[in-house]
Q: 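One structure is given below, represented as structure tokens, and several questions about it will come after.
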Amino acid sequence: MEKKKDFLRAIVEEDLASGKYEEVVTRFPPEPNGFPHIGHAKAITINFGIARDFGGRCHLRMDDTNPVTEEEKYAKAIEDAVRWLGYEWDGPVRHTSDYFERLYHYAVELIQMGKAYVDSLSEEEIREYRGTVTEPGRRSRYAERSVEENLDLFERMRKGEFKDGEHVLRAKIDMSSPNMQLRDPLLYRIRHARHMRTGDEWCIYPMYDFAHCLSDYIEGITHSFCTLEFENNRAIYDWILDTLRLGPPRPYQYEFARLNMNYTVMSKRKLKELVDSGKVSGWDDPRMPTIAGYRRRGYTPESIVNFCNAIGISKANSVVDVAQLEHAIRDDLNPKAPRVMCVLDPLKVVIENYEGSEELEASYYPHDVPKEGFRKLPFSREIYIEREDFSEHPPKGYYRLTPDQPVRLRHAYIIRCKEVIKDEEGRITEIRAEYYPDSKSGADTSGIKVRSAIQWVDAATGYRAEVRLYDRLFRVENPQGPEDLNPDSLRIVQGALVERAVIEEKPDERFQFERQGYFYPDPVDSSDEHPVFNRIVSLKDSWAKKSKKEEKSTKETAAKATQPKPEGAKKEERKESSGGEGRVAPLDEAQRRIFDRYRKKLGLKEEQANPLARDETLRTLFEAGLEHGAAPVTLANLILNEVARELKNFSLGELRYGPEALAELATMIDDERISVKIAKQVFEEMSKSGESPASIVEAKGWEQISDPKAIRPVIEEVLEKNPENVVKYREGNQKLFGFFVGQVLKATGGKANPRLVNELLIQALG
RNA sequence: UGGGGUAUCGCCAAGUGGUAAGGCAACUGGUUUUGGUCCAGUCAUUCGGGGGUUCGAGUCCCUCUACCCCAUCCA
């Protein structure tokens with residue numbers, strides 16, 4: 001685990017180091033209302049992976065609070081997926097429904113505190129009362145019910161005295177909160193529905209916002225990771241836990257970006273549409289981005305986990321290139337999968353000068369895969385090669401068999417084309433060839449140079465197979481609907497031929513069909529009588545790319561030269577379109593006067609005078625600082641840059657320093673007692689401890705070093721330690737100058753006068 | 001539109017004031033009995049735009065812009 005840490009791991013590490021928690025406990029909490037997809041795989045590797053990395057535990061919890069959408073079969077699929085990916089949850093599979101009774105009591109507690117009430121508004125009324133994102137909502141008239149009445153009503157809700165929708169339980173928070181989630185969120189609703197686990201025991205069910213935080217708490221979860229769309233819900237998460245005054249260890253919620261991938265869809269709804277409309281064969285159709293789909297296709301769990309680890313974790317909405325997934329599976333299979341031969345589109349080759357048959361010894365693994373194993377490969381007069389591997393009129397750069405170019409049959413002999421036989425339509429039906437007896441693989445004394453070796457299958461002993469070639473499900477990167485489906489996402493090849501060993505020996509589950517890709521027997525449809533292979537992923541094919549490009553470019557030039565786009569056009573476009581200045585509200589009369597005064601009397605720049613004139617808080621501080629004799633410009637910079645940052649999180653009254661401290665700091669800068677760099681450190685210290693700048697500087701010994709005699713030796717040392725960078729700098733790498741300054745400053749604890757360091761460094765570096 | 005987020009290479013993604021990591025993709029060249037793998041190399045004078053602070057800014061301040069999330073009795 002010596003990898004760079006993502007931000008979630010950084011949080012966990014810090015919480016463990018600070019002693020906030022003794023052990024990390026995470027959870028993977030899916031709602032069992034659909035089949036898990038690769039996005040779930042990301043959440044699984046995060047939750048289970050972090051627990052594993054830090055020696056903690058991870059729970060699997062079915063978030064089953066909505067009985068009408070959830071089913072056991074989905075829960076089962078989720079368990080399978082987690083196990084398949086190689087993780088084991090701590091303890092039993094948990095369910096939010098395990099906690100229904102406790103949750104109910106927490107709700108009662110909230111009612112008793114006057115923090116929750118039974119609302120009897122209709123669904124539409126509730127919506128109406130909620131307001132909009134710009135207008136505040138208003139509280140329901142039922143919010144004033146007494147604790148007793150609420151208790152009574154809530155109990156009767158539980159007893160089933162009311163119909164669906166008659167009442168709900170809501171938290172009493174704030175109907176005018178700018179955060180919509182906080183406008184008295186619903187805690188419980190009545191649902192007379194059969195729950196997949198609790199049956200008819202309950203007719204009221206807790207909402208996500210109420211159940212999730214408390215379930216986390218009940219289980220002792222420390223870090224509750226979820227996706228970005230729950231950012232706004234974090235406030236309720238904290239409100240409930242805080243209001244109930246639940247003691248440590250208390251969980252906290254952190255959000256990361258969900259996984260998106262191009263050329264596919266990830267939403268449950270859209271996936272379901274594909275299944276229901278029959279566009280795919282089911283949730284486990286090998287083209288689906290579901291775990292079941294990838295699994296059936298032949299992806300290994302390792303490749304999925306590796307993929308999830310490779311894409312990283314962040315808060316930026318992003319779309320991962322499916323090429324990254326394809327790389328993960330190739331990378332995983334390359335050193336594992338035995339190589340065998342398969343011909344998808346067979347073209348008969350008769351080797352006229354070969355009689356009888358023999359069995360060649362052929363390794364399953366290429367020279368660069370450190371695995372052992374081989375099979376006997378039958379060879380005889382009649383074989384099949386890939387139709388693509390012969391060309392009567394080859395394009396430039398074609399390495400395979402042509403009338404003039406011999407080719408090696410992999411693991412066997414070199415052959416030469418003698419004659420091309422065609423049917424009446426001109427289609428090639430057969431190649432008559434001859435082989436070179438002294439060119440046998442491993443004992444080649446023929447001296448013939450060939451450009452490539454191609455796969456083949458012996459006619460007499462090969463097996464027929466069905467091969468399913470999958471391509472991306474959608475033709476466009478960001479598909480919107482069925483109209484974007486790729487019509488060629490599945491190509492079924494019925495008449496493929498595979499070599500004997502694939503069927504009779506089965507050296508492994510997954511194969512590389514040489515020069516084609518990685519393949520996996522379809523777990524549903526394949527049998528020895530009717531073998532069916534799924535192409536997991538093709539091999540990279542630089543020839544296909546090259547020939548396609550050439551074809552395209554000749555087409556383009558033939559279609560007359562199109563205007564080439566000027567270099568860097570794209571970048572410039574972007575710059576122009578987004579560079580426009582937005583309007584800022586002009587200063588009013590009074591602000592204008594202050595602005596003018598600051599400009600003329602105090603000599604402030606426009607950039608300083610403007611925000612000070614505008615912002616009363618900053619201005620008050622500034623004016624007060626002036627009274628203490630600070631130079632206006634330095635003070636203004638201090639306030640505008642440093643204080644402004646703190647004012648984003650605190651009010652003026654909360655600051656631990658006043659205008660006189662700021663003035664003192666400004667004066668120290670102007671007197672060159674400390675550098676600006678150190679001043680920022682002093683400021684930080686000051687805002688933490690409330691000490692005066694002078695005492696901080698004295699205590700820390702932060703006085704500026706402005707004596708060249710003290711600095712020169714440091715410079716020499718730095719240059720001595722970095723001879724290669726000195727060379728690079730002298731060769732013209734100007735950027736390195738900053739590096740040297742940094743090193744010198746670091747060596748002096750930041751105390752050296754940077755301006756002086758710059759001067760001396762220029763001299764020293766000549 | 002109020003609030004909450006996010007912007008670093010074609011795609012992911014590190015980076016917490018001092019030389020813009022890494023992976024994928026792409027492109028050279030080498031090795032190769034897979035046009036695979038592997039190896040060597042190329043690929044951000046610049047971090048959404050503009051200003052400011054600083055000796056020095058992707059990182060601090062101001063401002064603008066774009067995109068995502070929130071008005072389910074879904075999660």
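Just so we're clear, the structure is a prediction, and the values are computed from it rather than from any experiment. A, B, ... follow the sequence lines: proteins, then strands. Residue 1 opens every chain.
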Q: Any donor-acceptor pair under 3.5 Å between the side chain of A:Gln324 and the base of B:rG23?
A: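 Answer yes: a donor N or O sits under 3.5 Å from an acceptor.
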
Q: Work out which heavy atom in A:Val369 is nearest to a heavy atom in A:Pro335; give both atom names and the distance.
A: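 Reported closest heavy-atom pair: CG1-O, 3.5 Å.
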
Q: Assess whether one donor atom and one acceptor atom, taken from the side chain of A:Arg410 and the base of B:rU34, lie less than 3.5 Å apart.
A: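 Not at all, since no donor on one side and acceptor on the other fall under 3.5 Å apart.
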
Q: Base, sugar-phosphate, or nothing: which does A:Lys648 touch, judged by heavy atoms less than 4.0 Å apart?
A: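 Sugar-phosphate only.
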
Q: Pull up the glycosidic torsion of B:rU72 and say syn or anti, syn being anything within 90° of 0.
A: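 You should classify B:rU72 as syn.
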
Q: For A:Thr134, report the nucleic acid contact type (base, sugar-phosphate, nothing); a contact means any heavy atom under 4.0 Å.
A: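 Base contact.
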
Q: Describe the nucleic acid contact of A:Asn33 in one word from base, sugar-phosphate, nothing, applying a heavy-atom distance below 4.0 Å.
A: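 A:Asn33: no heavy atom of the nucleic acid under 4.0 Å.
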
Q: Establish whether the base of B:rG3 is bridged to the side chain of A:Asn232 by a donor-acceptor pair shorter than 3.5 Å.
A: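 Result: at least one qualifying N/O pair found.
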
Q: Under the 5.5 Å and 30° test, is A:Tyr399 stacked on the base of B:rG35?
A: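 So A:Tyr399 counts as stacking on the base.
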
Q: Ignoring backbone atoms, establish whether A:Ser318 has a side-chain N or O less than 4.0 Å from OP1 or OP2 of B:rA13.
A: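 Indeed, a polar side-chain atom of A:Ser318 lies that close.
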
Q: May I ask you to evaluate whether A:Arg127 reaches the phosphate of B:rU72, defined as a side-chain N or O under 4.0 Å from OP1 or OP2?
A: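 So the side chain of A:Arg127 is within the cut-off, an N or O lying under 4.0 Å from OP1 or OP2 of B:rU72.
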
Q: At less than 4.0 Å, is any side-chain N or O atom of A:Ser314 found next to OP1 or OP2 of B:rA13? Yes or no.
A: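 Checking B:rA13 against A:Ser314, a side-chain N or O does come within under 4.0 Å of OP1 or OP2.
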
Q: Within the structure, does a side-chain N or O atom of A:Thr65 lie under 4.0 Å from either OP1 or OP2 of B:rA75?
A: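 For A:Thr65, the contact criterion (side-chain N or O under 4.0 Å from OP1 or OP2 of B:rA75) is met.
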
Q: Quick one: which of B:rU54, B:rG35, B:rG3 gets closest to the side chain of A:Asn637?
A: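 Of all the options, the side chain of A:Asn637 is nearest to B:rU54.
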
Q: Less than 3.5 Å between a donor and an acceptor, one on the side chain of A:Arg330 and one on the base of B:rG36, is that the case here?
A: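 No pair found.
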
Q: Could you check whether A:Glu31 gets within reach of a base, just the sugar-phosphate, or nothing at all, counting any heavy atom under 4.0 Å?
A: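 Sugar-phosphate contact only - A:Glu31 comes under 4.0 Å of backbone atoms but never of a base.
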
Q: Ignoring hydrogens and angles, does a donor from either the side chain of A:Arg515 or the base of B:rU34 sit under 3.5 Å from an acceptor on the other?
A: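 Under the 3.5 Å cut-off, the side chain and the base do not form any donor-acceptor pair.
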
Q: Across the strands shown, which category fits A:Leu539 at heavy-atom distances under 4.0 angstrom: base, sugar-phosphate, nothing?
A: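 Base contact.
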
Q: Among A:Tyr237, A:Phe225, A:Tyr208, find the residue that satisfies the ring-ring contact (aromatic ring centres under 6.0 Å, His included) test when tested with A:Phe230.
A: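 Considering A:Tyr237, A:Phe225, A:Tyr208, a ring-ring contact (aromatic ring centres under 6.0 Å, His included) with A:Phe230 is found only for A:Tyr208.
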
Q: Below 4.0 angstrom from OP1 or OP2 of B:rA26, is there any side-chain N or O of A:Lys545?
A: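 Result: yes.
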
Q: Quick check for you: among B:rC55, B:rG36, B:rC74, whose closest atom lies nearest to any side-chain atom of A:Asn758?
A: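 In terms of side-chain proximity for A:Asn758, the closest of B:rC55, B:rG36, B:rC74 is B:rC55.
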
Q: Do the two ring centres, one from A:Phe210 and one from A:Tyr188, sit under 6.0 Å apart?
A: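 Yes.
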
Q: Look at the side chain of A:Ala323 and decide which nucleotide, out of B:rU33, B:rU53, B:rC24, has an atom nearest to it.
A: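 Side chain of A:Ala323 sits closest to B:rC24.
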
Q: Taking donor-acceptor contacts at under 3.5 Å, does the side chain of A:Lys440 reach the base of B:rU33?
A: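 Such a pair does not exist between side chain and base.
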
Q: Out of B:rG2, B:rU37, B:rG18, which has the shortest distance to the side chain of A:Val741?
A: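 Of the options given, the side chain of A:Val741 lies nearest B:rG18.
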
Q: Do A:Glu123 side-chain and B:rU72 base share a donor-acceptor contact under 3.5 Å?
A: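 No.
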
Q: Kindly indicate whether the side chain of A:Asn725 and the base of B:rU19 share any N or O donor-acceptor pair separated by less than 3.5 Å?
A: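 Yes, a donor-acceptor pair under 3.5 Å.
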
Q: Check whether the side chain of A:Asn233 and the base of B:rG4 form a donor-acceptor pair under 3.5 Å.
A: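 No pair found.
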
Q: Could you say whether the aromatic ring of A:Tyr208 and the base of B:rA75 stack, counting only centre distances under 5.5 Å and plane angles under 30°?
A: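 A:Tyr208 ring does not meet the centre or angle cut-off for B:rA75; no stack.
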
Q: OP1 or OP2 of B:rA75 sitting under 4.0 Å from any side-chain N/O of A:Arg189?
A: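 A:Arg189 to B:rA75 OP1/OP2: side-chain N or O found under 4.0 Å.
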
Q: Please state whether the phosphate of B:rA25, meaning OP1 or OP2, lies under 4.0 angstrom from any side-chain nitrogen or oxygen of A:Lys540.
A: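 A:Lys540 to B:rA25 OP1/OP2: side-chain N or O found under 4.0 Å.
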
Q: Supply the atom-to-atom distance A:Glu231 CD to A:Arg234 CZ, rounded to the nearest 0.5 angstrom.
A: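 Rounded to the nearest 0.5 Å, the CD-CZ separation comes out at 6.5 Å.
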
Q: Whole angstrom is fine here: how far is it from NZ in A:Lys546 over to P in B:rG36?
A: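 My rounded result for the distance is 11 Å.
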
Q: Test for a donor-acceptor pair under 3.5 Å between the base of B:rG17 and the side chain of A:Lys746, counting only N and O atoms.
A: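 There is none.
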
